[in-house]
Amino acid sequence: MTPVGFGPLRRKEDLRLVRGRGRFVDDIALPGMLHGAILRSPYAHARIVSVDTSAAESHPKVRAVLTGADLAARDMAWMPTASHDVAAVLACEKVHFQGQEVAFVVAEDRYAARDALALIEVEYEPLPAVVDARTALDPDAPLVRDEQPGCTDNHIFDWESGDAAATDAVFAAAEHVSDCDLVYPRVHPAPLETCGIVADADRIEGRLTVHATTQAPHTHRVLYSRIAGVPEHRIRVVAPDIGGGFGNKVAMYPGYLCAVVASTVTGRPVKWVEDRSENLMASSFARDYHMRGEIAATRDGRILAVRVRVLADHGAFNATSQPSRFPAGFFGVFTGSYDLRAAHCRVTGVHTNKAPGGVAYACSFRITEASYLVERLVDVLAHDLGLDPARLRMDNLLRAEQFPHPTPTGWEYDSGDYPATLRLALEIAGYDELRAEQAATRAEYERTGRGRLLGIGLSFFTEAVGAGPRRTMDIMGLGMADGADLRVHPSGGAVLAVSCMSQGQGHETTFAQIIGHELGIPADQVQVVQGDTDRTPFGLGTYGSRSTAVSGAATVVAARRVRERARLVAGAMLEIDPIDLEWVPGRWQVRGDPTAGASLTEIAAAAHSGLELPDGVEGHLDASCVYNPPNLTFPCGAYLCVVEVDPVTGEVRVRRFVAVDDCGVRINPMIVAGQVHRGLADGIGMALMELITFDPDGNHLAASFMDYLLPTSMECPSWELGETVTPSPHHPIGAKGVGESATVGSPAAVVNAVLDAIGVRHADMPLTPAQVWRAVQGRPLRP
Ligand code: CDP
């Protein structure tokens with residue numbers, strides 16, 4: 001029997017996943033299934049003069065070819081984006097980025113579909129492309145969206161947060177101001193499993209069944225309905241096992257919609273699964289923020305204010321997945337973990353001839369960019385003032401007694417003891433000894449001109465996870481709340497259906513543990529159902545580490561409702577006023593008489609029996625909840641990275657990484673540790689090697705894992721983890737999200753460590769050997 005409640009517990013889902021028995025979209029084979037393939041633009045910007053599909057159509061195995069014109073005839077050539085724009089499903093008049101979808105071929109097998117792509121003749125008239133966001137607003141910049149009436153430039157939006165006048169006043173009076181230009185480069189979530197779908201439009205039943213890689217099945221059902229015009233009750237979206245999402249599987253992609261149309265046209269199921277290059281070129285990218293940050297302080301290092309200007313590169317279509325009112329996501333938390341007098345940021349979004357997206361790659365809506373910015377600025381300040389970066393942080397962190405803390409940009413941080421978290425990280429790392437070792441190795445290097453340089457980098461982050469609340473946060477008009485339905489069987493076992501969707505985070509285990517904790521039953525007596533719109537309650541899904549904070553809270557509330565029903569039934573069983581019963585885990589018993597009581601299993605059996613129940617008690621214990629979070633949860637963490645840099649080759653070796661996370665109450669510390677491990681590896685990847693880049697014509701230069709480098713265990717040290725626990729005051733079990741914390745917090749620690757080693761004020765990510773070598777040599781850095 002598995003233990004009851006919270007604690008380390010092996011993941012239930014691993015029984016199938018580690019045996020290769022997981023069922024992913026590409027494992028699905030329906031009778032008569034056809035296969036789709038997408039013809040993509042070789043140009044970043046070009047007019048489409050003509051598309052001739054006749055040769056492809058006459059391929060013996062081809063069953064249909066769709067073009068932009070075919071979709072336009074169905075009013076489906078364009079689809080709405082989460083950011084109030086439209087994105088092309090299949091290009092009509094022109095292509096806006098290299099890899100854009102131009103035609104969709106459906107054939108008897110995947111190979112024939114791919115072969116037939118070569119038979120489609122497209123005549124393009126190439127246009128100049130705008131690739132660098134910093135030139136996108138130049139008067140002579142090519143217009144990316146000139147198909148839109150009234151388009152005169154590539155400007156998308158201006159958004160600001162904080163008090164500009166108050167911030168300017170603090171800066172004007174400050175003894176010291178440090179500033180820095182930083183780029184958070186375009187990177188990609190790059191999940192192991194790419195995106196895919198099996199669409200089955202049943203003409204007889206009038207039903208559309210979609211098996212798809214989606215982090216948000218219910219939101220996708222709404223979108224299929226809105227775009228394809230099929231009533232929602234006739235659509236079933238099923239997300240089977242998902243091999244990593246990290247934000248990549250939030251958006252609606254053209255391939256999904258083409259498969260739906262192709263299934264409708266052919267009357268047969270259609271599978272489309274993208275390959276690695278398609279995933280890296282055309283599905284949602286992340287980051288691409290050009291930031292100028294300023295930090296005002298006293299000469300002795302009291303941080304006063306932060307001011308930021310951002311140029312946000314949104315690519316060809318404004319398709320970033322942020323809550324509607326937040327065009328720059330939760331970038332407003334750029335104030336970080338510090339006690340500031342004022343702060344202000346202005347973000348300008350622009351179009352370029354690059355793939356759309358701007359997804360929250362393992363972060364809560366642009367928080368990674370914000371956290372990197374402020375944690376780099378603090379190190380720049382330490383560098384400029386000649387202060388120790390750990391001391392500078394410790395002196396400026398918010399104190400435990402300052403929570404709940406209203407930030408200058410309008411957030412209310414719920415809880416934390418930041419100094420305690422940082423202190424623990426410094427203790428685990430042996431900070432003073434590391435600094436002494438660093439001084440010794442540096443002296444040795446200066447004496448001999450040989451050896452490696454030691455660098456120590458810190459970051460302290462605050463994340464904002466668990467979107468809603470619904471009144472301020474929605475995606476495409478859908479308020480950010482989530483549901484949980486809990487059924488308790490006569491045997492006392494339970495089935496929990498949730499609207500969130502695990503992509504490897506272990507929800508089948510942790511959500512069962514939540515029920516176990518609340519009802520006093522072992523986790524293996526709880527089955528968790530997810531990822532099927534026919535079987536789960538409505539909700540916005542899993543991204544931005546919101547599952548525990550929102551669906552987890554819904555689960556707790558539903559379980560507590562079950563418990564209260566059980567109390568009424570127990571009252572009837574024991575012929576006693578329910579008010580006189582008290583809950584001990586797994587059982588209602590008579591207050592003052594522990595021998596008289598009934599276990600949840602007995603109560604569940606009674607609730608289904610012929611027992612006479614009091615008026616108003618219907619029987620069965622089932623309950624549900626729709627949880628609208630009152631606030632976000634604000635996990636935090638102190639990270640410390642130790643690197644060795646070879647100044648001759650620019651090679652960086654991460655020697656140690658200490659991560660102290662505070663995510664409130666931990667349901668399953670083993671799963672939390674796994675989440676943190678993954679995010680730390682992400683940080684090493686982004687800081688040292690990951691980069692989606694383009695040549696001046698907009699050709700994508702990172703369309704395979706030969707060019708888009710991901711970290712492996714070879715680049716990662718043995719992680720050293722610690723924890724502090726400050727429960728969230730508003731979450732029913734005090735838990736805060738953690739899934740993406742380490743991705744948010746770690747890049748700055750790695751970059752700060754490398755720059756600390758080589759004594760350079762700033763250099764942009766990724767700090768590849770070439771970039772580090774140039775920085776050491778004082779040569780111009782990669783722009
Ligand atoms: O939304 P997502 O699942 O990506 O992120 P999360 O809610 O932070 O949860 C990631 C995993 O860690 C889930 O299995 C959670 O239930 C678990 N977790 C936990 O055990 N304790 C916490 N305080 C937070 C998350």
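Side-chain atoms of T542 come within 3.5 Å of backbone N or O of M501 as a donor-acceptor pair. Of the possible polar contacts, none joining the T67 side chain to the A103 backbone as a donor-acceptor pair under 3.5 Å is found. For S551 (side chain) and D482 (main-chain N/O), no donor-acceptor pair under 3.5 Å exists by modelled atom type. A side-chain donor-acceptor contact under 3.5 Å links Q215 to the backbone of K249. At distances below 3.5 Å, at least one donor-acceptor pair connects side-chain atoms of N668 with backbone N or O atoms of L9. No side-chain donor-acceptor contact under 3.5 Å links D707 to the backbone of S704.
Under the 4.5 Å side-chain criterion, counting only non-hydrogen atoms from C-beta, I242 is in contact with E193. Side-chain contact between Y253 and T213 is absent, with no heavy-atom pair separated by less than 4.5 Å. Residues H351 and P356 form no side-chain contact, since every pair of their non-hydrogen atoms from C-beta on lies 4.5 Å or further apart. Looking only at side-chain heavy atoms (C-beta outward), L280 and F705 come within less than 4.5 Å of each other. In this structure, the side chains of P185 and P766 come closer than 4.5 Å at one or more pairs of heavy atoms. T352 places none of its side-chain heavy atoms less than 4.5 Å from the side chain of F694. P217 is not listed as a side-chain neighbour of D532, based on a closest heavy-atom distance of 4.5 Å or more. T219 has its side chain out of reach of M476: every pair of non-hydrogen atoms, C-beta onward, lies at least 4.5 Å apart.
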Query - Working for side chain to side chain contact (heavy atoms under 4.5 Å, CB included), residues T533 and I235 - result: CA-CA 8 Å; T533 54; I235 303 175; 5.9 Å; no
Requested in this report: Check the pair N353, Y43 against side chain to side chain donor-acceptor pair (under 3.5 Å), reporting the backbone distance first and the verdict last.
Outcome: CA-CA 10 Å; N353 289 113; Y43 294 104; over 6 Å; no
**Report entry** side chain to side chain donor-acceptor pair (under 3.5 Å) evaluation trace for T209 with D200
**Finding:** CA-CA 5 Å; T209 304; D200 186 7; 5.4 Å; no
Query - Criterion side chain to side chain contact (heavy atoms under 4.5 Å, CB included) on T368 and R287, from CA distance to verdict - result: CA-CA 8 Å; T368 315; R287 328 291 191 234; 3.6 Å; yes
Query raised in the report: Taking it one step at a time, do H188 and F285 satisfy ring pair (Phe, Tyr, Trp, His ring centres under 6.0 Å)?
Result: CA-CA 5 Å; H188 198 283; F285 74 92; 8.6 Å; no
Report task. For the pair L540 and H218, evaluate side chain to side chain contact (heavy atoms under 4.5 Å, CB included) and give the outcome as yes or no after the intermediate values. Result -> CA-CA 6 Å; L540 276 257; H218 287 276; over 6 Å; no
Query raised in the report: Under the side chain to side chain contact (heavy atoms under 4.5 Å, CB included) criterion, do R145 and D85 qualify, and how do the steps go?
Result: CA-CA 11 Å; R145 298 295 298 279; D85 192 5; 2.8 Å; yes
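Ion pairing of D275 with R114 is present here, as a side-chain N (NZ or NE/NH1/NH2) and a carboxylate O approach within less than 4.0 Å. A salt bridge does not link R11 with E508: every distance from a Lys NZ or Arg NE/NH1/NH2 to an Asp or Glu carboxylate oxygen is 4.0 Å or more. Salt-bridge check for D288 with K354: passed, with a basic side-chain N closer than 4.0 Å to an acidic carboxylate O.
Here the options are L30, V270, V273, the test is side chain to side chain contact (heavy atoms under 4.5 Å, CB included), and the partner is V198; only L30 passes. Here the options are F326, Y184, Y289, the test is ring-ring contact (aromatic ring centres under 6.0 Å, His included), and the partner is F331; only Y289 passes. Under the side chain to side chain donor-acceptor pair (under 3.5 Å) rule, D241 has a single partner from R16, R21, Q503, which is R16. Here the rule is side chain to side chain donor-acceptor pair (under 3.5 Å) with T743, and of E463, Q675, R678 only R678 fits it.
Minimum interatomic distance between A742 and P747 (heavy atoms only, all atoms of both residues): O-CD, 4.4 Å. The two residues G36 and F104 have their closest heavy-atom pair at CA-CZ, 3.7 Å. In this structure, E274 and T194 approach most closely via the heavy-atom pair O-OG1, 2.6 Å. For the residue pair A228 and V260, the shortest heavy atom distance occurs at CB-CG1, 4.5 Å. Minimum heavy-atom separation, A481 to N628: CB-CA, 4.2 Å. Counting all heavy atoms, side chain and backbone alike, L71 lies closest to C258 at CD1-SG, 4.4 Å.
Taking H211 as the reference, nothing meets the side chain to side chain donor-acceptor pair (under 3.5 Å) condition, with sequence neighbours excluded.
Taking CZ from R63 and CG from L34, the interatomic distance works out to 7.5 Å, rounded to the nearest 0.5 Å. For the atom pair L39 CG and I120 CD1, the distance stands at 5.0 Å (nearest 0.5 Å). Once rounded to the nearest 0.5 Å, the distance linking CD1 of I684 with SG of C716 reads 4.5 Å. To the nearest 0.5 Å, the span separating CZ on R10 from NZ on K12 amounts to 15.5 Å. Rounded to the nearest 0.5 angstrom, K271 NZ and I197 CD1 are separated by 12.0 Å. Atoms CG and CG, on N248 and N279 in that order, are 4.5 Å from each other to the nearest 0.5 Å.
Within 6.0 Å of the CZ atom in R276, the count of heavy atoms belonging to other residues, nucleotides or ligands exceeds 12. Dense packing is recorded around CZ of R236, with more than 12 heavy atoms of other residues, nucleotides or ligands lying under 6.0 Å away. No more than 12 heavy atoms of other residues, nucleotides or ligands sit less than 6.0 Å from atom CZ of R487. A 6.0 Å sphere centred on CG of L15 holds more than 12 heavy atoms belonging to other residues, nucleotides or ligands. Summarising the local packing, CD of Q527 is surrounded by 12 or fewer heavy atoms from other residues, nucleotides or ligands at distances under 6.0 Å. The local environment of OH in Y111 is sparse, with at most 12 non-hydrogen atoms from other residues, nucleotides or ligands closer than 6.0 Å.
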Show every donor-acceptor pair shorter than 3.5 Å between a side-chain atom in residues 316-323 and any protein atom, with sequence neighbours excluded, or say none if there are none.
residue	atom	partner	partner atom	Å
N318	OD1	H314	ND1	2.6
T320	OG1	S83	OG	3.0
Q322	NE2	G358	O	3.2

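In summary, the side chains of Q513 and T510 do not present any donor paired with an acceptor at a separation below 3.5 Å, with no hydrogens or angles considered. The closest side-chain donor-acceptor pair between H220 and T214 falls under 3.5 angstrom. A donor and an acceptor atom, one from each side chain of Q530 and T536, are nowhere located under 3.5 Å apart. For the residue pair S284 and Y361, no side-chain donor N or O sits within less than 3.5 Å of a side-chain acceptor on the partner.
A cation-pi arrangement is present between R546 and Y543 under the rule of less than 6.0 angstrom and at most 45 degrees off the ring axis.
Under the 30°/60° scheme for interplanar angles, the aromatic rings of Y224 and Y256 are found to be tilted.
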